[in-house]
Amino acid sequence: MQRQDLSFPSGKDHCEAWLYLPDAPAGPRPCVVIAHGIGAIRQVRLQHYAERFTQAGYAVLTFDYRHWGASSGTPRYLCAIGKQHEDIEAAIECAKSRPEIDAGRVFLFGTSFGGGHALVVGSRRPDLAGVISQCSVTDGLAVAMGTPLRQLLQWLPVALVDQFRGWFGMSPRYIKLAGEPGELALMTKLGAEKSYHAMIDEPSPWMNLVAARLTLWPLYRPIRHASRIAPPLLMVVCDRDEICPATIAAKAARLAPRGQAVHFDSSHFEIYFGELFNRATATMIDFMGTSTGHASAADQLASNGQLRAA
């Protein structure tokens with residue numbers, strides 16, 4: 001596959017992006033725009049998805065949200081939900097504007113926190129060919145209710161300090177993005193810190209930090225948008241997801257007019273690796289091929305000996 005450097009405007013800043021293209025020359029191709037999870041950047045596992053999708057004939061656009069990675073925006077390591085929605089929409093517009101891409105066959109794939117974003121943005125974009133949401137943080141309230149009280153009490157004072165500092169234009173109060181149980185961190189379950197480090201593809205500016213005000217987000221409930229998603233929706237559900245209940249992700253598929261769910265015996269992070277990764281990506285490619293009639297996708301997977309989800 002080939003990789004091109006891109007930059008596109010979003011708000012008053014810009015997002016840095018990579019456009020991956022299959023090696024074989026062809027006319028305008030279908031494209032997958034990928035929205036990453038909390039605190040992740042382009043170098044965190046997305047190259048592996050790009051390899052799978054380009055093998056099946058798709059272009060892939062990955063990007064850093066504003067305030068993260070190589071994109072502009074201050075303060076750094078700020079997860080601003082509304083801005084991230086704008087960044088995803090700007091990435092979709094960037095993809096549609098490219099001569100290498102068929103503007104009528106652009107898919108949005110979001111994973112983890114980006115999986116929740118995919119539901120929100122997907123509900124606003126009937127022009128998308130399809131929406132894929134994997135191990136989705138589908139309901140912030142459900143996440144908060146499943147968080148131990150001790151951890152909530154750890155978060156609250158630093159989150160309030162950070163929010164007040166933000167209101168007055170001061171530098172953020174940071175916490176670790178991923179840590180061990182008992183640490184002051186956003187995620188502390190099932191080796192979250194080890195999993196993040198395992199997903200880094202190449203040298204990168206990734207830092208294990210996030211502005212603490214993000215822990216005040218339980219009212220972020222993407223599932224409320226599911227019933228308004230007009231394009232086909234695929235929910236990739238991890239049945240042992242320790243961050244957001246799998247039952248809620250499956251419910252999003254039932255609420256969407258053209259929704260479907262595929263279940264994997266996986267935790268939140270296991271879906272990114274090994275056989276589960278192979279099966280999940282094969283299922284996504286089958287879904288996209290069915291949605292657009294891009295028949296070569298399934299044929300390409302078969303020729304590469306890839307495994308399909310049952």
Same apolar cluster (I L V M F W Y, side chains within < 4.5 Å links), Ile41/Ile200: yes

For [X] and [Y], work out which heavy atoms get closest and say how close.
X      : Y      : answer
Ser266 : Cys238 : O-CB, 3.4 Å
Cys15  : Ser71  : CA-OG, 3.2 Å
Lys96  : Ala103 : NZ-O, 2.6 Å

Parallel, tilted or perpendicular: rings of His117 and Phe113 (30°, 60°): perpendicular

Spatial distance of atom CD (Glu89) from atom NE2 (His85) [nearest 0.5 Å]: 9.0 Å

Verify, without hydrogens or angle tests, whether [X] (side chain) and [Y] (backbone) share a donor-acceptor contact under 3.5 angstrom.
X      : Y      : value
Thr188 : Leu184 : no
Gln151 : Pro148 : no
Arg165 : Leu160 : no
Asp241 : Ser267 : no
Arg29  : Gly57  : yes
Ser97  : Cys94  : yes
His67  : Pro75  : yes
Asp239 : Asp265 : no

Distance flag, aromatic centroids of [Y] and [X], threshold under 6.0 Å:
X      : Y      : value
Tyr20  : Tyr58  : no
His268 : Tyr196 : no
Phe63  : Tyr65  : yes

Residue pair Leu119 / Met235, side-chain heavy-atom distance below 4.5 Å: yes

ring-ring contact (aromatic ring centres under 6.0 Å, His included) partners for Trp18, two or more places apart: none

With Leu21, the side-chain contact (heavy atoms from CB on, under 4.5 Å) member among Arg98, Gln4, Met1: Gln4

Under a 3.5 Å cutoff, is there a donor and acceptor pairing between the side chains of [X] and [Y]?
X      : Y      : result
Thr111 : Tyr272 : yes
Gln260 : Arg254 : no
His14  : Ser72  : yes

Within 6.0 Å of NZ in Lys176, more than 12 heavy atoms from elsewhere: yes

Positive for salt bridge (charged side-chain N to carboxylate O under 4.0 Å, His left out) with Arg42, one of Asp201, Asp5, Asp64: Asp64

